[in-house]
There are 2 protein chains.
Amino acid sequence: MTRKRVQKAADELGYAASPSASRLATGRTRTVAVVVPLLSKWFFAEVIAAAGRVLSGEGYDVLLAEVSTPRLRSEFFASPRLHGRSDGALVVALQLTGEELAALESQGQSVALVGSERPGAASVQVQDRDGGRAAVRHLLNLGHERIAFLGIREAPGSPLGGVPPAERLLGYRDALLEAGAPSDPSLELGVENTVEDGAAGMASLLTRVQPPTAVFAASDELAFGALSALRHAGLEVPRDFSVVGYDNHELSGAVGLTTMDHGVAEQGRLAAEALIGALSGEPARTSRIEARLVVRGSTAPPRRLRAGAR
Amino acid sequence: MTRKRVQKAADELGYAASPSASRLATGRTRTVAVVVPLLSKWFFAEVIAAAGRVLSGEGYDVLLAEVSTPRLRSEFFASPRLHGRSDGALVVALQLTGEELAALESQGQSVALVGSERPGAASVQVQDRDGGRAAVRHLLNLGHERIAFLGIREAPGSPLGGVPPAERLLGYRDALLEAGAPSDPSLELGVENTVEDGAAGMASLLTRVQPPTAVFAASDELAFGALSALRHAGLEVPRDFSVVGYDNHELSGAVGLTTMDHGVAEQGRLAAEALIGALSGEPARTSRIEARLVVRGSTAPPRRLRAGAR
DNA sequence: CTGAAAGCGCTTACAG
DNA sequence: CTGAAAGCGCTTACAG
């Protein structure tokens, strides 16, 4: 109460403590850096937005650090860029090496990771393998037998360093194995995580001598590309072909994409909370998120089955 | 050269000047705040990403400020939140009141605006009226006569405060007037800028006694919604209906949307440069960007004409 | 419990 | 031209 009134009086008088002075005196910045490989992708923006809300709710400033190329990445970790600027770093998607993590810690940063894991560091991760399995089971349950996997291969210029969604491929294989479905390496494809490459990848999968009747795409962006390629190939979804994505992208509803929701905003929130915990000296917290199937209009029984049913 | 070698030596020794100390001594933070109504929309993320690259290239830290509700907005401007934290603010889309601008300036901020204009402040704007006119002319040239406008109405909870894309509506009317096409207020609709509302708006436009054959949507998100509504209504685009969007959203290529490209990244870049200029005492710089038509697959002559042509 | 003083790590004006 | 000193505006340990 008193606190609030003082704050209000201060605001009215236009008084504000000098952050630089108090930072210098205390050695704490009450600032957190958010480190992402790319800002303009929906996933990262959504994580940052959610994390930022809890962070600023707790009185932290949030500093933006985009490391979009391997070059920027090595420069970022080689120089003490965060030293004295933030107390902690929330690192999204980048698979940190031991040295990179050590570099952050030597700059006095507490660290929270989203989408990767490191001994001793707080992190939040998605049960991607389970998610992949659930996606493919959905297709198997509909009666599909030839199911392709359209995965994310890292671009040469990507700073990610590690292939987080590799787990999604494992889940795909798990589901096939469980069902006793024959696994066919020619149906597994890895492309860059863009709509364009998703389309090209889908087009290529359609040229197999025995083409698939469904695809599990490791991201919604790839799935959007796949949908576009299928349309161009004259195939109608889901009548002629089924597609499952992964993300529950804000636009996946608009195109009626069946997908896996892995709680993107939730990832940001949990990571921010874990980081705040770490900043107050709490031992590293690890959270796991389960992905859940969202059925929309891009999946249906394969043509053969439905024809038979009539 | 020497400078570079000193930098390198410093990096190797792990030495880094204390930002707090130098900020306290100089009174300059070498930090810029980016103020956006929403982080997780593609447009804002893209503007921030582009601005952030030029800003950090010039050695500025970038601080994130999301003011996503009217409440947060008034709190943000009522308290000296940026005082001593940043030297300048890059304000995206928010239509600042005179007091809000004054509040920023009293906190020692240089200001650059994107998507709005204020006497004395640097800004970058899009020639939205021209852009709207060009979009509608494209439809008129194809032979459409009943062209609807699906515009952005501000949500009650929106912090934007002003309707920037109102210019797009004026451009729409200009084009109709030029062509001597009858203007019909029942074909002008304003909805919230979401895919869902775009779909609902399109559905509603289709119920007019004399329905349109084409729509100009004031954003690509609205256009995505429109495409989805048209599909649900059993209409095929562009055979039965034409759609033009506005943004050149990263996913508009995937759905084959004809749209207006207003150089979103360029807006961010120019604003950052204008802000850097303002920070070094240069007089307020104003840039204007022209939107340009990108023809994809969502527009074609109206059915009547094509049938007649055969 | 209150209040004056030292110190945080820089920058810069000034004395030598 | 070089180097010691004051000052930026806080926090905090300490003297009274």
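Each chain gets a letter, A, B and so on, in the order its sequence line appears, and its residues count up from 1. All values derive from a computational prediction rather than experimental measurement.
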Pairing string, 5' to 3', for DNA chain C - Watson-Crick or wobble contacts under 3.5 Å, brackets [ ] where pairs cross, | to another strand: |||.||||||||.|||
Can you name the side-chain contact (heavy atoms from CB on, under 4.5 Å) partners of Glu266(A), sequence neighbours left out? Arg269(A), Leu270(A), Ile289(A)
Can you tell me, in whole Å, how much space there is between the P of dG16(D) and that of dG7(C)? 16 Å
Applying side-chain contact (heavy atoms from CB on, under 4.5 Å), name anything that partners Glu105(B), two or more places apart in sequence or on another chain. Leu101(B)
At what distance, to the nearest 0.5 angstrom, does OG1 of Thr31(A) lie from CG of Leu63(B)? 7.0 Å
Sequence-distant partners of Asp247(A), salt bridge (Lys or Arg N to Asp or Glu O under 4.0 Å), two or more places apart: none
Considering residues at least two apart in sequence or located in another chain, which fulfil the side-chain contact (heavy atoms from CB on, under 4.5 Å) criterion with Thr26(A)? Arg28(A)
Residues forming a side-chain contact (heavy atoms from CB on, under 4.5 Å) with Arg71(A), sequence neighbours excluded: Thr69(A), Glu75(A)
Residue set satisfying side chain to side chain donor-acceptor pair (under 3.5 Å) with Arg118(B), at least two apart, ordered chain then number -> none
Test of understanding: with ring-ring contact (aromatic ring centres under 6.0 Å, His included), list the residues that count as partners of Phe43(A), not counting sequence neighbours. His262(A)
Taking any atom closer than 4.0 angstrom to a non-hydrogen atom of chain B, what span of DNA chain D does the protein reach, first nucleotide to last? dG7(D) to dG9(D)
